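Working notes for the structure below.
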Amino acid sequence: MPGDSKTGDYYVKALAVELPLAYAERIVDATLAAGREAGLLPLTVVVLDAGGHVVVQKREDGSGILRAEIARGKAHGALGMGIGSRVIRDRLKERPAFQSAIAAASDGRFIPVPGGVLVCRADGAVIGAVGVSGDASDKDEYAAIAGVRAAGLTPHPESPVENWRDAGL
């Protein structure tokens, strides 16, 4: 039967996947390529499925040891709130108590700065998120958006801030 894998005398039902490994790998590889082309510092990229599970994670040589957790926190926050992490930062900048409450509710997996981008199908449905860390947050977000677009999917936000190249650490 389609969707079943026979093992011995019983069947294992295959899970439906909205963000296949091949797409997640394209997002990561294109994100890293965009970072290299733009001359960014070494990046770490994490792609999560809609359930918040890591599908792919890559860390470039020279990227700091906390970058994976930061990238995952950016993606996780975007998934949890249903908006890109730049939008979260902008909406919550005057609400530090709420930011702290979200961080506590998510066991610290909430990094409200640019670099967490939703991955959407053409119909707008969210199928995952990508988080990037390694350079200035606006530059991280630029690379994430480029990676999602290169995979043929729709990012949210759809474009980086106009002056992303000028962002500094």
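All figures in this text were calculated on a predicted structure; none of them were measured in a lab.
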Quick check on Arg91: does its CZ atom have over 12 non-hydrogen neighbours (other residues, nucleotides or ligands) under 6.0 Å away?
no
Under-4.0 Å salt bridge between Lys58 and Asp29:
yes
For a quick test of reading the model, state the closest non-hydrogen atom pair linking Glu158 to Pro155 and the distance between them.
CG-O, 3.3 Å
Looking only at heavy atoms, the pair that brings Ala34 and Tyr142 closest together is O-CE2, 4.1 Å
Would you indicate whether Asp123, at its atom CG, is surrounded by more than 12 heavy atoms from other residues, nucleotides or ligands within a distance under 6.0 Å?
yes
Arg26 side chain to Leu21 backbone, donor-acceptor under 3.5 Å
no
Path from Leu32 to Tyr23 over hydrophobic side-chain contacts below 4.5 Å
yes
Side chain of Ser85, backbone of Gly116: donor and acceptor closer than 3.5 Å?
yes
Side chain proximity check, Ile88 to Phe110, heavy atoms < 4.5 angstrom
yes
N/O donor-acceptor pair under 3.5 Å between Arg89 side chain and Lys93 backbone
no
Would you check if Leu169 and Leu41 make a side-chain contact, meaning some heavy-atom pair closer than 4.5 Å?
yes
Does any N or O in the side chain of Asp138 come within less than 3.5 Å of the main-chain N or O of Ala167, such that one atom is a donor and the other an acceptor?
no
I need the minimum non-hydrogen distance between Phe98 and Leu92, along with the two atoms involved.
CD2-CD2, 3.5 Å
Modelled atom types, side-chain donor and acceptor of Thr44 and Ser63, under 3.5 Å
yes
Roughly how far, to the nearest 0.5 Å, is the OG1 atom of Thr31 from the CG atom of Leu40?
11.0 Å
Gap between atom CD1 of Ile127 and atom CG of Asp49 - 0.5 Å precision
10.0 Å
Side-chain touch Ile27/Val119, heavy atoms, less than 4.5 angstrom:
yes
Nonpolar side-chain network containing Leu118, other nodes, edges under 4.5 Å:
Val46, Leu48, Val54, Leu79, Val126
Walk me through whether Asp166 and Asn163 qualify under side chain to side chain contact (heavy atoms under 4.5 Å, CB included).
CA-CA 6 Å; Asp166 300 329; Asn163 60 345; 3.7 Å; yes
For residues Ala38 and Trp164, report the shortest heavy-atom separation together with the two atoms involved.
CB-CH2, 3.9 Å
Looking at every non-hydrogen atom in both residues, tell me the closest pair between Ile145 and Pro160 and how far apart they are.
CD1-N, 3.4 Å
How close do Glu141 and Gly115 get, heavy atom to heavy atom, and via which atoms?
CB-N, 3.6 Å
Electrostatic pair Arg109-Glu69, nearest N-O below 4.0 angstrom
no
Are Val56 and Leu153 in one and the same hydrophobic cluster, where Ile, Leu, Val, Met, Phe, Trp and Tyr link if side-chain heavy atoms are under 4.5 Å apart?
yes
Shared ILVMFWY cluster between Val130 and Ile111, side chains joined below 4.5 angstrom?
no
Just to verify, which of Arg67, Arg86, Lys74 counts as forming a side-chain hydrogen bond (donor to acceptor under 3.5 Å, both in side chains) with Asp140?
Lys74
For Ile65, look at atom CD1 and say whether over 12 heavy atoms of other residues, nucleotides or ligands are found less than 6.0 Å away.
no
